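Below is one structure; the comments refer to it alone.
Keep in mind the model is a prediction, meaning the values are calculated, not measured. Positions are given from 1, in the same order as the sequence printed here.
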Amino acid sequence: QVQLVESGGGLVQAGGSLRLTCRASGRTFSMYAMGWFRQAPGKEREFVATIRWPGDNADYADSVKDRFTISRDNAKNTVYLQMNTLKPEDTAVYYCAVRVNSGRYYYVNDYDYWGQGTQVTVSS
């Protein structure tokens with residue numbers, strides 16, 4: 001069974017930075033896409049970023065492009081999300097996910113395994 005654990009969330013002022021970490025166990029991910037999604041209270045879970053094998057292709061939601069950077073360390077089965085210039089609207093629970101099967105990268109149903117999330121709160 002694949003296990004995904006997110007960490008690195010917390011409270012930060014607008015304009016600040018956080019780095020989220022997703023550590024996986026139970027399976028290697030060098031051949032699979034990984035992604036970050038987020039969900040604010042009362043809203044649907046939305047795509048944030050994805051990184052593909054071998055890790056040189058990445059896409060971002062327009063709302064975070066040029067502020068967030070996704071990266072991975074396949075040797076450690078770990079994916080990161082560096083978040084800079086944070087805004088209050090970035091406040092959400094952030095989820096790491098792994099896409100094992102072929103398909104798209106931008107929707108919840110495209111991914112096969114999920115972590116339980118880490119809370120990011122950006123104050124003004």
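- When hydrophobic residues (I, L, V, M, F, W, Y) are linked wherever their side-chain heavy atoms come within less than 4.5 Å, Tyr80 remains an isolated member.
- By the side chain to side chain contact (heavy atoms under 4.5 Å, CB included) test, Tyr106 is found to be paired with Phe47, Thr50, Arg52, Asp59, Arg104, residues two or more places apart in sequence or in another chain being considered.
- Rounded to the nearest 0.5 angstrom, Glu46 CD and Trp36 CH2 are separated by 14.5 Å.
- In this structure, the side chain of Tyr111 engages the main chain of Tyr105 through a donor-acceptor pair within 3.5 Å.
- Annotation for Leu81 and Ala49: closest pair CD1-CB, 4.2 Å, computed over non-hydrogen atoms.
- Note that CG of Leu20 is 9.5 Å distant from SG of Cys96, once rounded to the nearest 0.5 Å.
- Annotation: side-chain hydrogen bond (donor to acceptor under 3.5 Å, both in side chains) contacts involving residues 5-21, sequence neighbours excluded, comprise Ser17-Asn84.
- Applying the side-chain hydrogen bond (donor to acceptor under 3.5 Å, both in side chains) definition to pairs two or more places apart or across chains, those involving residues 90-99 are Arg38-Asp90, Arg38-Tyr94, Arg67-Asp90.
- Within a 6.0 Å radius of CD in Gln119, other residues, nucleotides and ligands contribute more than 12 heavy atoms.
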Apply side chain to side chain contact (heavy atoms under 4.5 Å, CB included) to residues Thr121 and Val12 and explain how you reach the verdict. CA-CA 6 Å; Thr121 302; Val12 65; over 6 Å; no

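- When all heavy atoms are compared, the tightest approach of Ala92 to Ala40 is CB-N, 3.9 Å.
- The side chain to side chain contact (heavy atoms under 4.5 Å, CB included) check on Val5 picks up nothing, with sequence neighbours excluded.
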Taking it one step at a time, do Val79 and Ile51 satisfy side chain to side chain contact (heavy atoms under 4.5 Å, CB included)? CA-CA 9 Å; Val79 64; Ile51 187 167; 4.2 Å; yes

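- Rounding to the nearest 0.5 Å gives a distance of 4.5 Å between CG of Leu18 and CE of Met83.
- Using a 4.5 Å cut-off on side-chain heavy atoms (C-beta onward), Val108 and Trp114 make contact.
- Hydrophobic clustering of Ile, Leu, Val, Met, Phe, Trp and Tyr side chains at less than 4.5 Å, counting indirect connections, unites Tyr107 with Val93.
- Here the closest non-hydrogen pair linking Tyr60 and Ile70 is OH-N, 3.0 Å.
- With sequence neighbours excluded, no residue forms a side chain to side chain donor-acceptor pair (under 3.5 Å) with Asp73.
- Within 6.0 Å of CZ on Arg23 lie no more than 12 heavy atoms contributed by other residues, nucleotides or ligands.
- In the hydrophobic clustering of this structure, Met34 groups with Val100; members are Ile, Leu, Val, Met, Phe, Trp, Tyr whose side-chain heavy atoms approach within less than 4.5 Å, directly or through other members.
- When all heavy atoms of Ala14 and Ser124 are compared, the closest pair comes out as CB-CA, 4.4 Å.
- For Asp62, the salt bridge (charged side-chain N to carboxylate O under 4.0 Å, His left out) partners at least two apart in sequence or on another chain are Lys65.
- Here CG of Asp110 is found 7.0 Å from CZ of Phe37. Values are rounded to the nearest 0.5 Å.
- Remark: Asn101 pairs with Asp112 by the side chain to side chain donor-acceptor pair (under 3.5 Å) rule, at least two apart or across chains.
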